[in-house]
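Take a look at the structure set out below.
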Amino acid sequence: GNVRSVRNAILANGAEIEDITEPSQILESNVIIFPGVGSFGTAMEVLKSKGFDEPLKEYLKQDRPFLGICLGMQTLFDTSDEFSDGNSIPGLGVIPGKVVKFDESKMAVPHIGWNGRILHKTSPVMEHVGNEEVYFVHSYYAVASEENKDWILSTTTYSGQSFISSVHKGNIVATQFHPEKSGKVGLDVLKGFLNAVEAKTLQKVSSIEVDSLAETKLVKRVVVALDVRSNDHGDLVVTKGDQYDVRENHKEGVVQGRGGVRNLGKPVELAARYYREGADEIAFLNITSFRQGVIEDMPMLQVLEQASKTIFVPLTVGGGIRKYSDEKSGKTYSALEVAARYFRAGADKVSMGSDAVHAAEGYKKSGGVKTGETSIEMISNVYGVQAVVVSIDPKRVYVVSPDDVQNKEHVVVKLDDGDTGPNGEGYCWYQCTVKGGREARDICAVTVASVSEALGAGEIMLNCIDKDGQGTGFDHPLMKAVSNAVTIPVIASSGAGKEEHFTNVFKETNVQAALAAGMFHRKEVEIEAVKRHMMENGTLARV
């Protein structure tokens, strides 16, 4: 998704692209844009094994036009702590310094979302950019020091930790943030770089005074979900049912009652509308793919390919990210291969549900043994934890007392007054489901979230079947229980119906993002109105 989106962002700025497939092409290039994907160690191993590392070092030594993105910036440094064998991994060694991991005891890791920049220099790259937030997604950061201060273009702070968010020296530029996922401001960063290369003004940078007390803030994210399925004509449509009934019954034309499916528009067109209206992220949830194979799911791949041409914010896709056997060919595809197809089509993250529940069950049964064979582990090991979202679909199981729960591993939550069970029960535990909410499992949401983090998930999308489609607000007890139990970001989902529901969940729980579908699809509430309400009540938003 990162590479395809970078290509689309470059094309949107009117430039031409040639892929580098051979080491000899590097020194023949006029400009190199290097969008890194995955882990530092994997990236350096690939560069070395393909013979790209030495020509790239020579290209950079010659101070020729270069733009690194995210991991593409981190590889410029001497070393990184992102390793698996106990040794720091050497980078390209262009910039003095080290890449280290954020402290999970002090903040949610990865750092995911929209944050600001504190400029240390004037640069033609930032000529068309103001103070708008840009999109970050990373667990490791480059440490600012005396040795590399002449490289620093900007710094950013996350939960009090300052880090290098962009560098610029001579003709070499790199960003920790993703321009291709930062909306118009990101396109303008690329525009500034490309224009400066063409005008031969890229080297025109000068230091400016920096306020030593200046800080930036990570804003809360508003995510829009599109439940996508095939209709009777084979077209992909966006639908919305209540309490997951749409996942059980596909009757066309029924607009009320259980199983009612409301077709709400074509996915790409609707997603483009949300991008224009200010959605911070967009999630395509392929709600019927547990009944059919993903590898052959060409319409969904085409949706991603088309969406990534005009939508420059993060795209998540979910549904059927699992091991899959093709009955016709007899070939078996791993979850990694399935995810790779979605990434190549334009997805930035993949979301998995049922597979994560089964992985958590296996992990607990084994006493906490990682096999390396779960979908979460395989995908995060190659693409990084930030690429893996676990979507949890729990439902409430009400109890009068915590002692009433037989399985003592289940986390029992005390409910707020006015939010008790049908018979006045003051407690509940959240039972996970699989197969789109159709099958309940004897494992709780807090356990699945915690195990998912241990296996390598980078984010939790936390739904609640009881709240889905009700428009009464998010399930705060659930959000508190899970967000307090994990150190990775949590996205609140299910139940939003008013602007204040977003503000309230951000103020009362530790979630970093909140998601809605139906209220936006039906235009009952606008994204702009949600963000305005957040800002008016002291919650930072990207506006």
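For this chain, numbers begin at 1 and follow the sequence in order. Computed over heavy atoms, backbone and side chain alike; hydrogens, waters and symmetry mates excluded.
- Phe136 is listed as a side-chain neighbour of Phe177, based on a closest heavy-atom distance under 4.5 Å.
- Between the side chains of Asp393 and Thr433, no donor-acceptor pair is found at a separation under 3.5 Å.
- Atom CD of Glu104 and atom CD1 of Ile488 lie 9.5 Å apart (nearest 0.5 Å).
- Separating the CE atom in Met300 from the CZ atom in Phe284 is a distance of 6.0 Å, to the nearest 0.5 Å.
- Nearest approach of Val313 to Asp348, heavy atoms of both residues: O-OD2, 4.2 Å.
- Summarising the local packing, NZ of Lys498 is surrounded by 12 or fewer heavy atoms from other residues, nucleotides or ligands at distances under 6.0 Å.
- At distances below 3.5 Å, at least one donor-acceptor pair connects side-chain atoms of Asn504 with backbone N or O atoms of Glu500.
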Salt bridge (Lys or Arg N to Asp or Glu O under 4.0 Å) assessment of Glu281 paired with Arg221: CA-CA 8 Å; Glu281 295 187 25; Arg221 289 173 282 151; 2.6 Å; yes

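- The line from CD of Glu377 to OH of Tyr363 is 9.0 Å long, rounded to the nearest 0.5 Å.
- Judged purely by distance below 3.5 Å, without hydrogens or angles, the side chains of Asp475 and Tyr430 pair a donor atom with an acceptor atom.
- The minimum heavy-atom distance between Ser351 and Thr316, with the atom names listed, is CB-CG2, 4.0 Å.
- When every heavy atom of His476 is checked against every heavy atom of Thr509, the shortest pair comes out as O-CG2, 4.0 Å.
- Two residues are said to be in side-chain contact when any heavy atoms from C-beta on lie closer than 4.5 Å; Val530 and Val525 meet this criterion.
- Here the closest non-hydrogen pair linking Thr156 and Ser165 is OG1-OG, 2.9 Å.
- Side-chain atoms of Ser401 do not come within 3.5 Å of backbone N or O of Asp404 as any donor-acceptor pair.
- For the residue pair Cys444 and Trp429, the shortest heavy atom distance occurs at CB-CE3, 3.8 Å.
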Criterion salt bridge (Lys or Arg N to Asp or Glu O under 4.0 Å) on Glu361 and Lys365, from CA distance to verdict: CA-CA 6 Å; Glu361 290 172 331; Lys365 186 176 181 180; over 6 Å; no

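- Under 4.0 Å is where a charged nitrogen must lie from a carboxylate oxygen, and between Asp280 and Arg542 at least one such pair does.
- Distance check, rounded to the nearest 0.5 Å: OG of Ser391 to CG of Leu515 gives 9.0 Å.
- Of the candidates Val399, Thr447, Asp442, His410 forms a side-chain contact (heavy atoms from CB on, under 4.5 Å) with just one, namely Asp442.
- The shortest side-chain heavy-atom distance between Val400 and Glu425 falls under the 4.5 Å cut-off.
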Verdict with supporting geometry, Tyr342 and Leu304, side-chain contact (heavy atoms from CB on, under 4.5 Å): CA-CA 8 Å; Tyr342 276 148; Leu304 287 167; 3.6 Å; yes

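- Under a 3.5 Å cut-off, the side chain of Ser39 and the backbone N or O of Gly384 do not form any donor-acceptor pair.
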Working for side-chain contact (heavy atoms from CB on, under 4.5 Å), residues Ile69 and His178: CA-CA 6 Å; Ile69 297 174; His178 287 266; 3.9 Å; yes

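- A 4.5 Å side-chain heavy-atom check between Lys467 and Leu478 finds every atom pair outside the cut-off.
- Here the side chains of Pro489 and Pro110 are in contact, with some heavy-atom distance below 4.5 Å.
- Residues Phe520 and Val222 meet the side-chain proximity criterion, which asks for heavy atoms closer than 4.5 Å.
- Here the two rings, on Tyr140 and Phe40, have centers that are 6.0 Å apart or farther.
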His521 and Tyr274: CA distance, side-chain angles, deciding distance, ring pair (Phe, Tyr, Trp, His ring centres under 6.0 Å) verdict: CA-CA 9 Å; His521 300 338; Tyr274 294 136; 5.6 Å; yes

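- Under a 3.5 Å cut-off, the side chain of Lys323 and the backbone N or O of Ser375 do not form any donor-acceptor pair.
- Checked for salt-bridge contact, Glu133 and Lys531 miss the test: no charged N lies under 4.0 Å from a carboxylate O.
- Around atom CD of Glu277, more than 12 heavy atoms belonging to other residues, nucleotides or ligands sit under 6.0 Å away.
- With ring centers used as reference points, His111 lies under 6.0 Å from Phe163.
- One N or O on the side chain of Tyr158 and one on the backbone of Ala108 form a donor-acceptor pair closer than 3.5 Å.
- Distance check, rounded to the nearest 0.5 Å: CG of Asp403 to OH of Tyr427 gives 9.5 Å.
- Looking at Thr157 and Thr216, their side chains do bring a donor and an acceptor atom within 3.5 Å of each other.
- At a threshold of 4.5 Å between non-hydrogen side-chain atoms, the residues Lys395 and Asp466 count as touching.
- In terms of heavy atoms, Thr42 sits closest to Asn381 at OG1-O, 4.2 Å.
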Test log, rule side-chain contact (heavy atoms from CB on, under 4.5 Å), inputs Asp468 and Asn463: CA-CA 8 Å; Asp468 187 60; Asn463 311 291; over 6 Å; no

Steps toward side-chain contact (heavy atoms from CB on, under 4.5 Å) verdict (His358, Arg441): CA-CA 9 Å; His358 296 312; Arg441 308 293 295 184; 4.2 Å; yes

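- At a threshold of 4.5 Å between non-hydrogen side-chain atoms, the residues His138 and Phe102 count as touching.
- The number of heavy-atom neighbours closer than 6.0 Å to NZ of Lys408, taken from other residues, nucleotides and ligands shown, is above 12.
- Here the straight-line distance linking atom NZ of Lys101 with atom CG of Asp81 works out to 10.5 Å at 0.5 Å rounding.
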